Protein chains: 2
Amino acid sequence: MDERLDAIFSALSDPTRRAILARLANGKATVAELADPFELSQPAISKHLKVLEQAGLIRSGREANSRPRILEPAALKTIADWVADYRRFWDESFDRLDDYLSKVQGYEK
Amino acid sequence: MDERLDAIFSALSDPTRRAILARLANGKATVAELADPFELSQPAISKHLKVLEQAGLIRSGREANSRPRILEPAALKTIADWVADYRRFWDESFDRLDDYLSKVQGYEK
DNA sequence: CAGCTATATAGCTAAATGGTTATATTCTGT
DNA sequence: ACAGAATATAACCATTTAGCTATATAGCTG
């Protein structure tokens, strides 16, 4: 599962790709539609889409002439699950937080 | 906030760095302690720590001869908040999920 | 202050990344 | 079958990254 996390986090580290995901949250979109907001060449967008697809964050369809993309929620859930393991560190409702904060003194911001 | 997300996701895309965070979830640790589980040189670990610190995921302290690291939960919360925006896509309790799944037909796995 | 310990920095290299332009592929419509 | 539209792939380039070894810095201890 480690390699899967590598690919997902790496895919998400690019703002263009996160913007593409945000767009796909509104429903499926063609490559041309996804490329529209950016000042990037079409191949650059195709590359980003390939990265997202290989990370499992999106899927490709086929519709007449175009190959629309849709969001693949499972990969995002993988990230949510990973980060949830650290939730106790910022969620005040956990008793351990105070302990933790007390240890934190003397660490430069 | 976009650059912040870039740095955090990018930092998390490396398994060594995620393992370092996991170790720090058990409390502060020195560089030597953090390096121990890995077959990497000490400078390599220092580099990883720098990446984590610049992403705001950890902080450095000073204790006698050593510079122990601690977890910085805020950056992880940033990720949790970001991914939470997509929660409706995998959480069955949201009505829209069915709509979404119906659209998904015909997309290759 | 000399030497040891802990860690950081410098300088190097190989591989990966993100962009480009040019070209290939696939489907639609005439 | 052909022309055009939508998208993918190839080949290239510059930058970043992750590792290494060698060396520098900071603090402790005799």
Side-chain angles (χ1 to χ4, degrees), chain A residues 2-21 23-24 27-71 106-108, chain B residues 2-21 23-24 27-71 106-108:
Chain A
D2 229 37
E3 291 170 15
R4 186 148 193 77
L5 281 173
D6 289 4
I8 299 173
F9 277 125
S10 180
L12 294 176
S13 73
D14 184 282
T16 300
R17 289 192 290 259
R18 289 196 306 276
I20 288 172
L21 290 184
R23 167 65 185 78
L24 289 176
K28 78 178 165 198
T30 66
V31 175
E33 285 164 350
L34 292 170
D36 196 48
F38 304 102
E39 290 191 335
L40 288 178
S41 65
Q42 171 263 313
I45 299 296
S46 280
K47 262 195 190 179
H48 281 305
L49 293 174
K50 195 171 195 174
V51 172
L52 288 168
E53 186 157 8
Q54 286 179 343
L57 286 158
I58 66 173
R59 279 198 249 170
S60 298
R62 163 67 75 174
E63 213 160 280
N65 212 0
S66 79
R67 303 177 198 193
R69 305 309 208 272
I70 55 168
L71 207 59
Y107 287 78
E108 12 173 301
Chain B
D2 228 39
E3 290 169 17
R4 186 150 193 77
L5 281 174
D6 289 4
I8 299 173
F9 276 125
S10 180
L12 294 176
S13 74
D14 184 282
T16 300
R17 290 193 289 260
R18 289 196 306 276
I20 288 173
L21 290 184
R23 168 64 186 78
L24 289 176
K28 78 179 166 199
T30 66
V31 175
E33 286 165 349
L34 291 170
D36 196 50
F38 303 102
E39 290 190 335
L40 288 179
S41 65
Q42 171 264 312
I45 299 295
S46 280
K47 260 197 191 177
H48 282 306
L49 293 174
K50 195 170 197 175
V51 171
L52 287 168
E53 185 156 10
Q54 286 179 343
L57 286 157
I58 66 174
R59 279 199 250 170
S60 297
R62 163 68 75 174
E63 214 160 279
N65 212 0
S66 79
R67 303 178 197 189
R69 304 309 208 274
I70 56 168
L71 207 59
Y107 287 79
E108 12 173 302

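Each chain gets a letter, A, B and so on, in the order the sequences are listed, and its residues count up from 1. All figures in this text were calculated on a predicted structure; none of them were measured in a lab.
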Which part of the nucleic acid does Thr16(B) contact within heavy-atom distance under 4.0 Å: base, sugar-phosphate only, or nothing? nothing
What is the separation between atom [atom1] on [X] and atom [atom2] on [N], rounded to the nearest whole Å?
X        : N       : atom1 : atom2 : answer
Asp6(B)  : dT17(D) : CG    : C1'   : 15 Å
Phe38(A) : dT20(C) : CZ    : P     : 13 Å
Ile45(B) : dA6(C)  : CD1   : C1'   : 14 Å
Leu40(B) : dT21(D) : CG    : P     : 11 Å
Gln54(A) : dG18(C) : CD    : P     : 12 Å
Phe9(B)  : dG18(C) : CZ    : C1'   : 19 Å
Glu33(A) : dA6(D)  : CD    : P     : 10 Å
Leu49(A) : dT17(C) : CG    : C1'   : 16 Å

Closest to the 5' end of DNA chain C, once Glu63(A) and Ser10(A) are matched to their nearest nucleotides, is Ser10(A)
If you take atom types as modelled and just measure distance, does the side chain of Asn65(B) reach the base of dT5(C) with a donor-acceptor pair under 3.5 Å? yes
Quick one: does Gln42(A) reach the base of dA6(D) with a side-chain donor-acceptor pair under 3.5 Å? no
Does any part of the side chain of [Y], heavy atoms only, come nearer than 4.5 Å to the side chain of [X], both counted from C-beta?
X        : Y        : answer
Pro15(A) : Asp6(B)  : yes
Glu63(A) : Thr30(A) : no
Leu12(A) : Leu21(A) : yes

Looking only at side-chain N and O atoms, does [X] come under 4.0 Å of OP1 or OP2 in [N]?
X        : N       : value
Lys50(A) : dT7(D)  : no
Arg62(A) : dC27(C) : yes
Arg17(B) : dA18(D) : yes
Ser46(B) : dA8(C)  : yes
Ser41(B) : dC20(D) : yes
Arg67(B) : dT5(C)  : no
His48(A) : dT17(C) : no

Closest non-hydrogen atom pair, Phe9(B) against Ser13(A): CB-CA, 3.5 Å
If every non-hydrogen atom of Arg67(A) is compared with every non-hydrogen atom of Val31(A), which pair is closest and at what distance? O-CG2, 4.3 Å
Proximal nucleotide (of [options]) relative to the [X] side chain:
X        : options                  : value
Ser66(B) : dA8(D), dC20(D), dT7(C)  : dT7(C)
Ala44(B) : dT7(D), dG19(C), dC20(D) : dC20(D)
Arg69(B) : dG19(D), dT7(C), dG19(C) : dT7(C)
Lys47(A) : dT7(C), dT7(D), dT20(C)  : dT20(C)

Which of Ile58(B), Asp14(B), Leu34(B), Leu71(B) passes side chain to side chain contact (heavy atoms under 4.5 Å, CB included) with Leu52(B)? Answer is Ile58(B)
